[in-house]
Amino acid sequence: MNQSDIKRLAVVGSTGSIGTQTLDIVERFPQLYSVSVLSAGSRVEPLVEQALKFRPALAVIADESKLPQLREALAPAGIATAAGPEALAEAMTRDDVDMAVTATVGYSGLEPTIRAIGAGKDIALANKETLVVAGDLVNRLLKKSPTKIYPVDSEHSAVAQCLVGETADSVRRLIITASGGPFRTWDAARLANATVADALRHPNWSMGAKITVDSATMLNKAFELIEAHYLFGIEPRRIRAVVHPQSIVHSMVEFKDGAIKAQLGVPDMRLPIAYALGCHSRLDQAAPRLTLEQMSSLTFEEPDLDKFPCLTLARTAMDRGGNTACVINAANEVANLAFRQGRLPYSGIYDVITATLDRVAHIAEPEYADYVATNDEACAIAAALVDKY
Ligand code: NDP
Ligand code: MG
């Protein structure tokens, strides 16, 4: 294999949970992958450590106040540095980038994704919030671009694997599995007093703090139903969530003849990450193997919508359309953080989201500027609601 076969990555959010696991794959398969761009939000030290190890052409930090520190550490190694959201988005368009890995958290994934699509780069998409916020816009842009999106989210990777060799008209529905999170077996009274430590104790997956709390409220699953709608072009009423506490079946597709295909594996994100980086091809031992003993008990149950009202927000978002999901995402970013900082109780997350939804004007066909304005407005309203809660 020669140098030109090596896929050059721009990793947005390289210091996070998905980012570091992506770099684990790069490190283990240097004949396949290299990194041209690494980026973090505000943590300079881990970014410097990664840059000195993986030698990207450019390291970007979103927090502009950290640029001098980053530059001082990387200039001697001849690694270029930049800061701010615009520099990060611009980095997606570089000639030495073949694929963008969007592993940043929340709304910050939208602009780099849009710029990568504009430059025709393939995308390994972990940042599901991009599709939640602006799935219609992203899909419109994809129609005019050679870019292909490869999902990193384990459920969507599973659906993509189940769809190989199938035609769109043979699909009856998508069945997205959910672990049920740490509160699956809790009753309502106990749930009312759930602490941050309780919410961060996910039974099966080790992930960043924001998505771990989204999993506890099950808003993560609502987001994944929306993500599936945009990725696979399936109508919302044909996508359902089912609770599967073992997290072995990563999702399923039911076909019109009654057959169901499922993708199984250990709960290890390196498997879907490697499948996405390889544009849906397989690497030798990307993740530990699943033993048959681990499959001896696979159970499935209906989600409890009374206990997890955030899950109903997927339907609200898809029925109303337009900027609705953008509002839900923004309010959740504020409420999720406030909960993690001890400024909002667990039950306040749903309340803040729904109260924000009531207060932001609906826009039926938003353009990019409308999403930006909606996000700003919803964040401000949600922040005021948190203060008064
Ligand atoms: P983490 O919180 O672990 O990591 C987030 C990364 O993004 C860090 O590198 C962080 O930098 C960086 N970052 C934070 N804010 C900004 C910003 N404003 N601009 C640029 N970079 C920023 O998150 P995860 O890895 O858990 O999740 C990343 C995405 O992947 C999310 O959208 C999540 O929903 C999705 N996902 C994650 C899964 C998982 O297993 N973790 C599974 C499926 C999907 P810093 O270190 O400086 O804070
Ligand atoms: Mg997932």
Side-chain angles (χ1 to χ4, degrees), residues 10-24 37-51 59-66 69-70 82-89 91-92 100-113 123-133 151-159 176-181 200 202 204-215 218-228 231 241 244 247 249-251 263 267-273 276 287 329 332-333 336-337 340 375 379:
V11 188
V12 186
S14 59
T15 52
S17 165
I18 295 291
T20 51
Q21 293 179 88
T22 300
L23 294 182
D24 179 63
V37 179
L38 291 177
S39 84
S42 60
R43 296 187 311 135
V44 173
E45 275 179 24
L47 180 60
V48 166
E49 199 179 306
Q50 289 181 340
V60 188
I61 189 116
D63 179 345
E64 295 176 47
S65 71
K66 303 285 176 63
Q69 202 187 333
L70 185 68
E86 173 54 30
L88 180 58
M92 301 302 106
V101 182
T102 61
T104 179
V105 67
Y107 179 87
S108 66
L110 179 60
E111 213 185 331
T113 306
I123 298 171
L125 183 134
N127 182 261
K128 68 192 85 186
E129 293 93 333
T130 293
L131 292 177
V132 172
V133 169
V152 166
D153 217 347
S154 56
E155 295 77 3
H156 306 76
S157 178
V159 169
I176 305 295
T177 52
S179 69
L200 289 177
H202 196 282
N204 304 342
W205 296 95
S206 163
M207 309 181 285
K210 192 250 180 192
I211 184 178
T212 305
V213 169
D214 286 347
S215 299
M218 289 196 79
L219 186 63
N220 180 55
K221 209 47 57 177
F223 283 177
E224 291 183 355
L225 299 180
I226 299 170
E227 182 185 11
L231 280 173
H244 165 53
S247 295
V249 174
H250 295 307
S251 276
Q263 185 262 327
D268 187 317
M269 285 307 294
R270 288 171 302 178
L271 211 154
I273 291 170
N329 177 72
N332 178 58
E333 282 191 34
N336 177 311
L337 180 65
R340 279 183 279 141
N375 182 65
C379 284

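Indexing begins at 1, ligand by ligand and atom by atom, following the structure's order. Atom set for the values below is all heavy atoms of this structure, side chains included, hydrogens, waters and symmetry mates excluded.
- At least one side-chain heavy atom of P85 sits under 4.5 Å from a side-chain heavy atom of E64.
- For S247 against S179, the heavy-atom pair with the smallest separation is OG-CB, 3.4 Å.
- Heavy-atom contacts of L88 reach the following atoms of ligand 1: 20 (C) (cutoff under 4.0 Å).
- Between L110 and N375 the shortest side-chain heavy-atom distance does not fall below 4.5 Å.
- When atom types are taken as modelled, the side chain of E49 and the backbone of E45 share no donor-acceptor pair closer than 3.5 angstrom.
- Contact atoms of ligand 1 toward A103: 5 (C), 6 (C), 7 (O), 28 (C) (distance under 4.0 Å to a heavy atom of the residue).
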*Check step by step if side-chain contact (heavy atoms from CB on, under 4.5 Å) holds for L47 and S14.*
CA-CA 8 Å; L47 180 60; S14 59; 3.9 Å; yes
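- Of the options N127, V11, I18, a side-chain contact (heavy atoms from CB on, under 4.5 Å) to T102 is made by N127 and by none of the others.
- With hydrogens left out, the protein atom closest to atom 48 (O) of ligand 1 is R43 NE, 3.9 Å, a heavy atom.
- Between K210 and E129 a salt bridge is recorded (basic side-chain N to carboxylate O distance below 4.0 Å).
- Scanning the protein for heavy atoms near atom 9 (O) of ligand 1, the closest one is T15 OG1, 2.7 Å.
- Closest to atom 44 (C) of ligand 1, if we only count protein heavy atoms, is D153 OD1, 3.6 Å.
- For the pair L271 and Q263, the minimum side-chain heavy-atom distance is below 4.5 Å.
- Nearest to atom 19 (N) of ligand 1 among the protein's heavy atoms is A62 CB, 3.4 Å.
- Across V48, V44, L88, a single residue satisfies side-chain contact (heavy atoms from CB on, under 4.5 Å) together with I61, and that is V44.
- Which of V11, I18, N127 comes nearest to atom 27 (O) of ligand 1 through a heavy atom is settled by distance: it is I18.
- Distance from atom 14 (C) of ligand 1 to its nearest protein heavy atom, with residue and atom name: V105 CG1, 3.8 Å.
- If you number the atoms of ligand 1 from 1 as listed, the ones under 4.0 Å from a heavy atom of K128 come out as 32 (O), 34 (O), 44 (C).
- What sits closest to atom 16 (C) of ligand 1 on the protein, heavy atoms only, is T104 OG1, 3.5 Å.
- Those atoms of ligand 1 with a heavy atom of S108 less than 4.0 angstrom away are 16 (C), 17 (C), 18 (N), 19 (N).
- Near S14, with a cut-off below 4.0 Å to any heavy atom, the atoms of ligand 1 are 9 (O).
- With respect to the Mg ion (ligand 2), E224 has OE2 as its nearest N, O or S atom.
- One finds the CD1 atom of I176 at 6.5 Å from the CG atom of L225 (value rounded to the nearest 0.5 Å).
- Across G84, S42, G208, A209, heavy-atom proximity to atom 23 (O) of ligand 1 is greatest for G208.
- Listed by number with element, the atoms of ligand 1 under 4.0 Å from a non-hydrogen atom of A126 are 30 (O), 32 (O), 35 (C), 36 (N), 44 (C).
- Across every non-hydrogen atom of G109 and T104, the tightest pair is CA-CG2, 3.4 Å.
- The distance from ligand 1 to the heavy atoms of M269 drops below 4.0 Å at these ligand atoms: 40 (O), 42 (C), 43 (C).
- For atom 3 (O) of ligand 1, the nearest protein heavy atom (residue, atom name, distance) is S17 N, 2.9 Å.
- With respect to K128, the side-chain hydrogen bond (donor to acceptor under 3.5 Å, both in side chains) criterion is satisfied by exactly one of E224, H156, E155: E224.
- Under the 4.5 Å side-chain criterion, counting only non-hydrogen atoms from C-beta, L125 is in contact with E227.
- Of the heavy atoms in E129, only side-chain atoms (C-beta onward) come closer than 4.0 Å to ligand 1.
- Nearest to atom 1 (P) of ligand 1 by heavy-atom distance, out of S39, G41, G16, is G16.
- Taking the N/O/S atoms of E155 in turn, the shortest distance to the Mg ion (ligand 2) belongs to OE1.
- Considering only non-hydrogen protein atoms, atom 33 (C) of ligand 1 sits nearest to I211 CD1, 3.9 Å.
- For D153, the N, O or S atom with the smallest separation from the Mg ion (ligand 2) is OD1.
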